[in-house]
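One structure is given here, and the rest of the page talks about it.
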Amino acid sequence: MDGYREESEMTMQEPKVAVLMGSTSDAGVMEGCRELLRVLGIPHEIKVLSAHRTPDQTRDYVTSAADKGIEIIIAAAGWAAHLAGVAASHTTLPVIGVPIDSSPLQGMDALLATVQMPPGIPVATMAVGSGGAKNAAILAAQILGLKYPSIAQKVWAYREAMTREALKKGSDFESGA
Ligand code: RP5
């Protein structure tokens, strides 16, 4: 177990999660994802890649991701959001999709495009927008926590802090503070 843990920690500096976004305009919505990946101690890299505008580069990146040590792909896109599905079609790494609310349909288009994958090629689809972006980071941490105990511990610490904050906010509100 110690050897396993040492090996796990030794490789922890290399990116384990790739955060793909379809456009630099998605960066604001995805900031919570990046922040939580930092808080949860997950080495990651960001790539701006589009299923429609840069299809060859998207395929090339995703097909080589596992060999580079990437273990999970988070893919965020708006409009007819095919990025997560296309990524999932090129790898067996788990793909977590974040529908971005950047279109006149406020993300309903991206939600359906991301979640409605045909049988055989799943995408773990989060809520639309900034909430989904945060949950993508937490879900990635929970998956990695199966292999890296230090990440599982950070997820528990995050939850405990969230519970403490919710209780404090509630009691402050109830007491009129
Ligand atoms: C999608 O188109 C991107 O993910 C973004 O949400 C949306 C609009 O992109 P820009 O026109 O702002 O670059 O591919």
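In each ligand, atom 1 is the first atom listed, and ligand 1 is the first ligand listed. One-based numbering along the sequence shown.
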Task: Ion pair check, E31 and R38, cut-off under 4.0 Å - done: yes

Open item on the list: To check your reading of the model: name the closest protein heavy atom to atom 2 (O) of ligand 1, its residue, and the distance in Å.
Closed with: W79 CD1, 3.8 Å

Task: Subset of ligand 1 atoms that lie under 4.0 Å from at least one heavy atom of G22 - done: 3 (C), 4 (O)

TODO: Kindly confirm or rule out an N or O of R53 lying under 3.5 angstrom from an N or O of ligand 1.
DONE: yes

Task: Check ion pair E71-K147 (N to O, under 4.0 angstrom) - done: yes

Task: ligand 1 atoms in contact with S102 (distance to a heavy atom under 4.0 Å) - done: 5 (C), 6 (O), 7 (C)

Open item on the list: Under a 4.0 angstrom heavy-atom cut-off, which atoms of ligand 1 come close to A77?
Closed with: 4 (O)

TODO: Compute the shortest N/O to N/O distance between G78 and ligand 1 and return yes if it is under 3.5 Å, no if not.
DONE: yes

Open item on the list: Return the closest protein heavy atom for atom 4 (O) of ligand 1 as residue, atom name and distance.
Closed with: D26 OD2, 2.6 Å

TODO: May I ask you to check whether S23 has an N/O atom sitting below 3.5 Å from an N/O atom of ligand 1?
DONE: yes

Task: Heavy-atom closest contact (S102 atom, G78 atom, distance) - done: OG-CA, 3.5 Å

- [ ] Please report the shortest heavy-atom distance between A133 and C33, naming the atom on each side.
- [x] O-CB, 3.1 Å

Task: N-O pairing of K68 and E45 below 4.0 Å - done: yes

Open item on the list: Quick one about Y148 and Q153 (side-chain donor to acceptor, distance below 3.5 Å, no hydrogens or angles considered), yes or no?
Closed with: no

TODO: Determine whether the side chain, the backbone, both or neither of S25 has a heavy atom under 4.0 Å from any heavy atom of ligand 1.
DONE: side chain

Task: Whether H44 side chain and I42 backbone form a donor-acceptor pair below 3.5 Å - done: yes

